[in-house]
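Here, residue 1 is the first one in the sequence, and each next residue gets the next number. Just so we're clear, the structure is a prediction, and the values are computed from it rather than from any experiment.
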Amino acid sequence: MKALRTAVMQITKAEAVNLVATAGHHIMTVTFITRGTGEVRVMNGRRGVRGRKGGKLRYNPAEKGLISFFDIQKGEPRMIDCNTILKIKANNKEYIVQS
């Protein structure tokens, strides 16, 4: 069987945010720096998952520079800081975000 090769591309932060925000239900891996601890985190998940226990969010994530993302491993929604995205893997491509 032939191994799949992943194409590596350099993108800007704006392109990275657009890629994650418009991904819909496609599963991807996003590497970013967490706001609270400053740790590098790798999260597998997807966008477009609705429903949250307890109702609506009390704030608009976009106003705080966040993107809602469903973490498949934890089975819960999480937030990604738009300004700290380092790398995205989606559609057999790897995107490295330029500083």
### Query
Mind checking what makes side chain to side chain donor-acceptor pair (under 3.5 Å) contact with T22, not counting sequence neighbours?
none
### Query
Just how far is it from atom CG of N91 to atom NZ of K93, taken to the nearest 0.5 Å?
6.5 Å
### Non-neighbouring partners of N83 that pass side-chain contact (heavy atoms from CB on, under 4.5 Å), sequence neighbours left out
D81
### Summary
Excluding V40, membership of its hydrophobic cluster (Ile, Leu, Val, Met, Phe, Trp, Tyr; side-chain heavy atoms within less than 4.5 Å) reads I33, L86
### Spacing of NZ belonging to K89 relative to CD belonging to E94, to within rounding of 0.5 Å
5.0 Å
### Message
Give me each pair satisfying side chain to side chain donor-acceptor pair (under 3.5 Å) with a member in residues 10-19, each pair once, sequence neighbours excluded.
### Response
T12-E15
### Message
For M79, is there any backbone N or O sitting under 3.5 Å from a side-chain donor or acceptor partner on S68?
### Response
no
### Task
Using the test side-chain contact (heavy atoms from CB on, under 4.5 Å), find all partners of Q73 that sit at least two apart in sequence or belong to another chain.
N44, D71
### Task
Could you identify which residues cluster with Y95, counting Ile, Leu, Val, Met, Phe, Trp and Tyr as linked when any side-chain heavy atoms lie under 4.5 Å apart, either directly or through a chain of such contacts?
M9, I11, V17, L19, V20, M28, V30, F32, M43, I67, F69, I80, I85, I88, V97
### Query
With side chains defined as the heavy atoms from C-beta onward, is the minimum distance between R47 and F70 less than 4.5 Å?
no
